[in-house]
Amino acid sequence: MSKIIKNFKEIAPNKEITKGTFTSKFFKNENTQEMTVYTRNKSLMDYAEKCINHFNSLSDDMIDEICHGLIESCHLSDSDVDFELPELENVRDILDYCWFTSLVTIADDGIYYLVEGKGDWGEEVGFVIHNDNVNYVGYDYFNVV
C-alpha cells in the first residue's frame, strides 16, 4: 500500500477510476493541505505517486509561473461574483485567493498531470504540468490535455 496516498479506493461503475488523498506541501485546499488524487486505475498507483512527488517538489520558478497565470485568469474572469483582486505585494499572494482540490494524472511516459481548483473570483481554475513545464494555467485546463 502507498505511503503517500491515503484512503485509496476504486470508484466509478466499473471501478476504472481510483482516488485517494495526499498532503500537498505547498498548495492549499481551503483550510487544509489535503488534496484528492485521481488516476485511471489501480495499476497506475505508482505513477500517481510519481506525479504527487513531482507536484510536491515544483521549482520556485514553476510556482511563480503558475501564480502569474492565476493572476491573469483572475483579471480575465467574467464571473458574476463581486470580487476585486487587491494589489499584491508578491506574486504568490494570489494563493490567498484560491485553493486546489485535486490532482488528476494523465498517463504518459514522463510526468503529466493537471491540478484543479477554484478562485475567490468565482471561477474554476487549474494548471497542467507536463514533465518540467507548466503547459497551461487558467479555466480550460481540461481542454489542453
Side-chain angles (χ1 to χ4, degrees), residues 1-12 17-79 81-145:
M1 210 48 157
S2 175
K3 293 180 182 178
I4 297 172
I5 303 171
K6 297 169 182 56
N7 306 316
F8 187 77
K9 63 183 173 181
E10 296 171 319
I11 60 172
I17 298 174
T18 57
K19 80 174 201 173
T21 58
F22 71 97
T23 302
S24 170
K25 289 190 177 177
F26 187 80
F27 293 92
K28 67 179 172 73
N29 178 1
E30 295 194 76
N31 297 321
T32 179
Q33 297 297 116
E34 289 297 308
M35 292 177 61
T36 301
V37 60
Y38 293 95
T39 191
R40 256 189 324 191
N41 59 53
K42 192 174 185 175
S43 68
L44 293 173
M45 188 175 196
D46 288 343
Y47 181 71
E49 289 180 354
K50 184 177 172 182
C51 290
I52 291 167
N53 284 329
H54 186 273
F55 175 70
N56 277 335
S57 60
L58 289 174
S59 70
D60 286 337
D61 288 343
M62 289 177 77
I63 292 170
D64 289 348
E65 183 177 350
I66 291 164
C67 290
H68 281 289
L70 292 169
I71 292 168
E72 184 177 329
S73 294
C74 179
H75 290 305
L76 295 175
S77 174
D78 60 358
S79 169
V81 173
D82 186 24
F83 176 82
E84 187 173 328
L85 185 66
E87 189 169 326
L88 304 175
E89 290 183 30
N90 181 306
V91 69
R92 292 186 184 196
D93 290 345
I94 188 65
L95 298 175
D96 292 335
Y97 303 98
C98 52
W99 61 96
F100 299 91
T101 56
S102 57
L103 181 150
V104 180
T105 66
I106 302 156
D108 189 65
D109 290 338
I111 297 288
Y112 200 13
Y113 57 90
L114 66 86
V115 177
E116 299 178 286
K118 191 162 185 168
D120 284 347
W121 53 95
E123 298 276 2
E124 291 187 8
V125 293
F127 53 92
V128 177
I129 303 292
H130 191 194
N131 294 321
D132 284 326
N133 297 305
V134 178
N135 278 16
Y136 181 82
V137 180
Y139 303 120
D140 294 327
Y141 50 91
F142 263 112
N143 291 329
V144 293
V145 293

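- Closest approach of Ser79 and Gly122 over heavy atoms only: OG-CA, 3.8 Å.
- In this structure, Val134 and Ile129 have side chains that are in contact, with non-hydrogen atoms separated by less than 4.5 Å.
- Across Asp96 and Lys28, no two heavy atoms sit closer than the pair O-NZ, 4.4 Å.
- For Leu85, the side chain to side chain contact (heavy atoms under 4.5 Å, CB included) partners two or more places apart in sequence, or in a different chain, are Ile71, Cys74, His75, Phe83, Leu88, Ile94, Tyr97.
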Ile63 vs Arg92, test: side-chain contact (heavy atoms from CB on, under 4.5 Å). Steps then yes/no. CA-CA 8 Å; Ile63 292 170; Arg92 292 186 184 196; 3.7 Å; yes
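- Note that CG of Leu114 is 11.5 Å distant from OH of Tyr136, once rounded to the nearest 0.5 Å.
- If you take CG on Leu103 and OG on Ser24, they are separated by 9.0 Å, rounding to the nearest 0.5 Å.
- Counting non-hydrogen atoms of other residues, nucleotides and ligands closer than 6.0 Å to CG of Asn31 gives a total of 12 or fewer.
- Between Lys50 atom NZ and Ile111 atom CD1 the span is 4.5 Å, to the nearest 0.5 Å.
- Taking CG of Asn90 as the start and CG of Asp64 as the end, the distance is 7.0 Å to the nearest 0.5 Å.
- The shortest side-chain heavy-atom distance between Ser102 and Val37 does not fall under the 4.5 Å cut-off.
- Val115 places a side-chain heavy atom less than 4.5 Å from the side chain of Phe55.
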Go through the steps for Thr23 and Gln33 under the test side-chain hydrogen bond (donor to acceptor under 3.5 Å, both in side chains), then give the verdict. CA-CA 5 Å; Thr23 302; Gln33 297 297 116; over 6 Å; no
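- To the nearest 0.5 Å, atoms NZ (Lys118) and CH2 (Trp99) are separated by 6.0 Å.
- Looking at Val81 and Trp121, their side chains never come closer than 4.5 Å, going by heavy atoms from C-beta outward.
- Residues Glu116 and Thr101 have side chains that never bring a donor and an acceptor to within less than 3.5 angstrom of each other.
- Thr39 is not listed as a side-chain neighbour of Met45, based on a closest heavy-atom distance of 4.5 Å or more.
- In this structure, Asp120 CG and Glu84 CD are separated by 13.5 Å, a value rounded to the nearest 0.5 Å.
- Side-chain contact between Tyr139 and Val125: present, with at least one pair of heavy atoms (C-beta onward) separated by less than 4.5 Å.
- Other residues, nucleotides and ligands place more than 12 heavy atoms under 6.0 Å from the NZ atom of Lys6.
- Side-chain atoms of Asp46 and Glu49, non-hydrogen and from C-beta on, do get closer than 4.5 Å to each other.
- A donor-acceptor pair is defined here as one N or O able to donate and one able to accept, closer than 3.5 Å; such a pair exists between the side chain of Tyr47 and the backbone of Ile106.
- Contact record, Gly138 with Ser73: CA-OG, 3.2 Å, taken as the closest heavy-atom pair.
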Quick one, Leu58 with Phe26, criterion side-chain contact (heavy atoms from CB on, under 4.5 Å). Give me CA distance, side-chain angles, the key distance, then yes/no. CA-CA 9 Å; Leu58 289 174; Phe26 187 80; over 6 Å; no
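- Side-chain N/O atoms of Asn131 and His54 include no donor and acceptor closer than 3.5 Å.
- Counting heavy atoms from C-beta on, the side chains of Glu34 and Asn29 never come closer than 4.5 Å.
- For the side chain to side chain contact (heavy atoms under 4.5 Å, CB included) with Tyr38, the lone residue among Ile11, Thr18, Thr105 that qualifies is Ile11.
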